[in-house]
Protein chains: 2
Amino acid sequence: MSHTLGIRQAQKQKTRQSLLDAALGLLEEQSLSSLGLREVTRAVGVAPTAFYRHFRSTADLGVALVEEALGSLHPMIRTTVAAADTSEERIVRAVELIAHHVDTHPAHVRFIARERHGGVQPVREAIQGQLARFAEEVQAELAKDRESVGWSDDDLLMLAHLYVDQMLITASLFLEALEGSAEERERVAQVATRQLRLISIGRDHWQD
Amino acid sequence: MSHTLGIRQAQKQKTRQSLLDAALGLLEEQSLSSLGLREVTRAVGVAPTAFYRHFRSTADLGVALVEEALGSLHPMIRTTVAAADTSEERIVRAVELIAHHVDTHPAHVRFIARERHGGVQPVREAIQGQLARFAEEVQAELAKDRESVGWSDDDLLMLAHLYVDQMLITASLFLEALEGSAEERERVAQVATRQLRLISIGRDHWQD
DNA sequence: TCATCCAGTTAACAACTGTTCTCCGTAATT
DNA sequence: AATTACGGAGAACAGTTGTTAACTGGATGA
């Protein structure tokens, strides 16, 4: 692999990325369904018609943004759920990783939270597809634990969805607290940690 | 109270309600941030300028929709969390009530799920305010349980938020399954029930 | 009964939208 | 070196948007 791109394709990808970045920025204060194609090209400094060289529509651009925002997240999910001695350690580590990811990719997190139930169907479906994949990966990791003996696949997937949804809620809360004080963010972390802890306790006593 | 409205004010409220209803309908396939004022008035069959007699902007209308969608929900929350002999009974009842509410008010549920993280700040804040009130009410009901002795107020509120978020997730899943088969909706109910059950188990063993 | 109020109308405004077609310059291919 | 492929520019299109102003007619209150 790793074939050096021609200077033509390289420039094209550069423009495409600029469009994605500009769109992500504009989506800070609106939803995808109100994002105009001209609005995006204006922000990039390119002619409106250039947009069509890269995307069929803003909905199409939205789907690409889903890939960018969630596609690179799979390895992180794996390592988060995986390596840990105690489950308490795993919880603390997971919350830290979520907080860090929100710090470094706030616009991505906002986009996913906003468009997960948003007004653009193809984007909603893309997000739900990725989240379903996440849940399956979490399920696979959970299955490796010794706490999971006797669990049915259905129940493991049920628990995995609970974890994934909880991660999204926590990420969204961290996002709201981004501009807030350090104490505010600490409070979010505390609540999220205790919620995960409670779920973990429920898991331990599920078999009774 | 209960003063009979003049025929003038009655007509005004009628038009206002028509605007709210039309908007809710239009929001089935888009987000509030892309909802146009003319779009709404056109759907009602009224002049665009009439809109200003009722709302300052579509964002203002959105806030009114939040009141309509969530304001009347408080008593239901109370009765859901309250009366129940066993906690298992309470869980089943809660899921049933959520399913029923989604059946009878799908547009309201969709609106809340969509705009909770949507692109219009005042609406987001209105929803979060109402949800915070919900969480406090749930907390108050939980405090009455004998399972709650020894719990701090903070932990009870943490649990209440977990329940409220879980209710919203469940409602959103029911909404997606609305057009689907009966088996699909039953599967959603099963998963939601087991998730609530797991949380409930975690609650029972929290003190250890 | 008469003056006032006010929800809704009509007309007009500049600004904006997505989309098409035609063109240009240059990288890629032969 | 000649030809093709193609990302982007430019101009124009009909249609839309939010907002203002002045107006109408029927309910309201003296």
Side-chain angles (χ1 to χ4, degrees), chain A residues 2-23 25-65 115 118-123, chain B residues 2-23 25-65 115 118-123:
Chain A
S2 167
H3 175 251
T4 309
L5 262 50
I7 124 167
R8 193 152 207 171
Q9 298 206 24
Q11 260 300 341
K12 177 167 185 181
Q13 288 211 352
K14 209 170 170 180
T15 310
R16 185 190 139 101
Q17 191 58 45
S18 298
L19 289 169
L20 288 171
D21 293 345
L26 292 166
L27 285 173
E28 199 156 332
E29 9 187 59
Q30 64 181 312
S31 306
L32 182 64
S33 80
S34 65
L35 183 69
L37 148 177
R38 296 183 97 107
E39 200 177 348
V40 178
T41 56
R42 191 186 314 129
V44 174
V46 85
T49 49
F51 186 91
Y52 292 104
R53 302 289 183 196
H54 303 273
F55 307 102
R56 220 180 293 271
S57 63
T58 52
D60 196 24
L61 178 146
V63 173
L65 275 179
E115 301 303 330
V120 183
Q121 209 197 26
V123 173
Chain B
S2 167
H3 176 249
T4 310
L5 261 47
I7 122 168
R8 193 155 207 169
Q9 297 207 25
Q11 261 298 342
K12 177 167 185 180
Q13 288 211 353
K14 209 169 171 180
T15 309
R16 184 190 140 99
Q17 191 58 48
S18 298
L19 289 169
L20 288 171
D21 292 347
L26 291 166
L27 286 173
E28 199 155 332
E29 7 185 63
Q30 63 181 315
S31 306
L32 183 64
S33 80
S34 64
L35 183 69
L37 142 183
R38 297 183 97 107
E39 199 178 349
V40 178
T41 56
R42 190 186 314 128
V44 174
V46 87
T49 47
F51 185 92
Y52 291 105
R53 301 289 182 197
H54 303 274
F55 307 103
R56 220 179 293 267
S57 63
T58 53
D60 196 24
L61 178 147
V63 173
L65 275 179
E115 301 303 330
V120 183
Q121 208 198 28
V123 173

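Reminder, nothing fancy here: chain letters follow the sequence lines and each chain counts from 1.
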>> Without decimals, in angstroms, what is the distance between H54(B) NE2 and dG18(D) P?
In response: 16 Å
> At their closest point, which heavy atom of V123(A) faces which heavy atom of A59(A), and how far apart are they?
Replying inline: CG2-O, 3.7 Å
> Q11(B) has an atom CD; how far is it from atom C1' of dG8(C), in whole Å?
Replying inline: 10 Å
>> Whole angstroms only, please: what is the CG-P distance between L35(A) and dT17(C)?
In response: 10 Å
> Below 3.5 Å, does any donor atom in the side chain of T49(B) face an acceptor in the base of dT10(C), or the other way round?
Replying inline: yes
> How far apart are the closest heavy atoms of L26(B) and A43(B), and which atoms are they?
Replying inline: CD1-CB, 4.3 Å
> Expressed in angstrom and rounded to an integer, what is the separation of R16(A) atom CZ from dC6(D) atom P?
Replying inline: 17 Å
> What is the nucleic acid contact for T15(A), judged by heavy atoms within less than 4.0 Å: base, sugar-phosphate only, or nothing?
Replying inline: sugar-phosphate
> Just wondering, do L20(A) and F55(A) contact through their side chains at under 4.5 Å, heavy atoms?
Replying inline: yes
>> Is the phosphate of dT17(C) approached by R42(A) (side-chain N or O, under 4.0 Å from OP1 or OP2)?
In response: yes
>> Run L27(B) and L65(B) through side chain to side chain contact (heavy atoms under 4.5 Å, CB included) and show every step you take.
In response: CA-CA 11 Å; L27(B) 286 173; L65(B) 275 179; 4.1 Å; yes
> Out of S31(A), S34(A), S33(A), which one pairs with S34(B) under the side-chain hydrogen bond (donor to acceptor under 3.5 Å, both in side chains) rule?
Replying inline: S33(A)
> Heavy-atom count around Q13(B) CD within 6.0 Å, excluding the residue itself: above 12?
Replying inline: no
>> Output the pairing pattern of DNA chain C as a dot-bracket string, 5' first, Watson-Crick or G-U wobble with both distances under 3.5 Å, | for cross-strand pairs, [ ] for crossing pairs.
In response: ||||||||||||.||||.||||||||||||
> Between dA7(C) atom C1' and F55(B) atom CZ, what is the distance in whole Å?
Replying inline: 14 Å
>> Can you build the contact string for nucleotides 22-30 of chain C? Use B for base contact, S for sugar-phosphate-only contact, and - for no protein heavy atom under 4.0 Å.
In response: ---BBBS--
> Quick one: side-chain hydrogen bond (donor to acceptor under 3.5 Å, both in side chains) pairs with a partner in residues 37-59 of chain B, sequence neighbours left out?
Replying inline: Q30(B)-E39(B)
> Starting at OH of Y52(A) and ending at C1' of dC6(D), how long is that distance when rounded to a whole Å?
Replying inline: 18 Å
> Which heavy atom of V40(A) sits nearest a heavy atom of A22(A), and at what distance?
Replying inline: O-CB, 4.2 Å
>> Please report the distance, rounded to the nearest Å, between CG in L26(A) and P in dT17(C).
In response: 11 Å
>> Once you apply a heavy-atom cut-off of 4.0 Å, does R56(A) come out as touching a base, just sugar-phosphate, or nothing?
In response: nothing
> Looking at CG of L61(A) and CG of L32(A), how far apart are the two atoms once the value is rounded to the nearest 0.5 Å?
Replying inline: 7.5 Å
> So which one's nearest nucleotide on DNA chain C is more toward 5', P48(B) or K12(B)?
Replying inline: K12(B)
> Taking for each residue the nucleotide of DNA chain D with the nearest heavy atom, is it A50(A) or R38(A) whose nucleotide lies nearer the 5' end?
Replying inline: A50(A)
> Which atoms form the tightest heavy-atom contact between P48(B) and L37(B), and what is the distance?
Replying inline: O-CD2, 4.0 Å
>> Can you work out whether E39(B) or G45(A) has the more 5'-proximal nearest nucleotide on DNA chain D?
In response: G45(A)
>> Measure CG/L37(A) against P/dA9(D) and give the value in whole Å, please.
In response: 13 Å
